[in-house]
Amino acid sequence: MTTVPGKIMERFISSALTRHVKDNQGIGPSQHGFMQGRSCLTTLISFYDKVNCLVDEGKAVDVVYLDFHKAFDTVPHSILLEKLAARGLDGCTLRWIKNWLNGRAQSGGEWI
């Protein structure tokens, strides 16, 4: 079980990272997952609308569905840290996240 202060820090880091990525155009308007005010339903509505438009124009539509089950639990932490560094996170923050990730891996925790 994660402690209350740990959960608060997770929310704080998630919010800061999301804001940083959005401000630096790392998340486009088509991103629905993990975005406030967007959901599976808004994804489906957007997708359905786009498919209908293409079909109405007589264009072919192919669909590939990928399920990234527990993506953050299975992604190698080194790759995640490299991508965060490439997005401009400073060394101190990266070290803190690395230590935090290592602690979560040792305790078997999951992302929220």
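Residue numbers start at 1 and run along the sequence shown. Here the structure is a predicted model, which is why all the values come from computation and not from measurement.
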Seminar exercise, completed: Looking only at heavy atoms, the pair that brings H20 and R87 closest together is NE2-O, 2.7 Å
Problem set entry | Joint cluster assignment, F47 & L41, ILVMFWY side-chain distance < 4.5 Å | no
Exercise. Say you draw a straight line from CD1 of I79 to CG of L84; how long is it, rounded to the nearest 0.5 Å?
Worked result: 12.0 Å
Exercise. What distance do R19 atom CZ and S14 atom OG have between them, rounded to the nearest 0.5 Å?
Worked result: 10.0 Å
For this session: Only counting residues at least two apart or in another chain, list the ones meeting side chain to side chain contact (heavy atoms under 4.5 Å, CB included) with K98.
Result: L81, N102
Exercise. Can you find a side-chain donor-acceptor pair between S46 and D49 that sits under 3.5 Å?
Worked result: no
Seminar exercise, completed: CG of L80 to CG of L94, rounded to nearest 0.5 Å, is 9.5 Å
Exercise. Would a 4.5 Å heavy-atom cut-off, applied to side chains only, mark L89 and L17 as touching?
Worked result: yes
Exercise. Only one of V51, I45, L44, N52 forms a side chain to side chain contact (heavy atoms under 4.5 Å, CB included) with Y48, so which one is it?
Worked result: N52
Problem set entry | Note, K7 side chain near F12 side chain (heavy atom, < 4.5 Å) | no
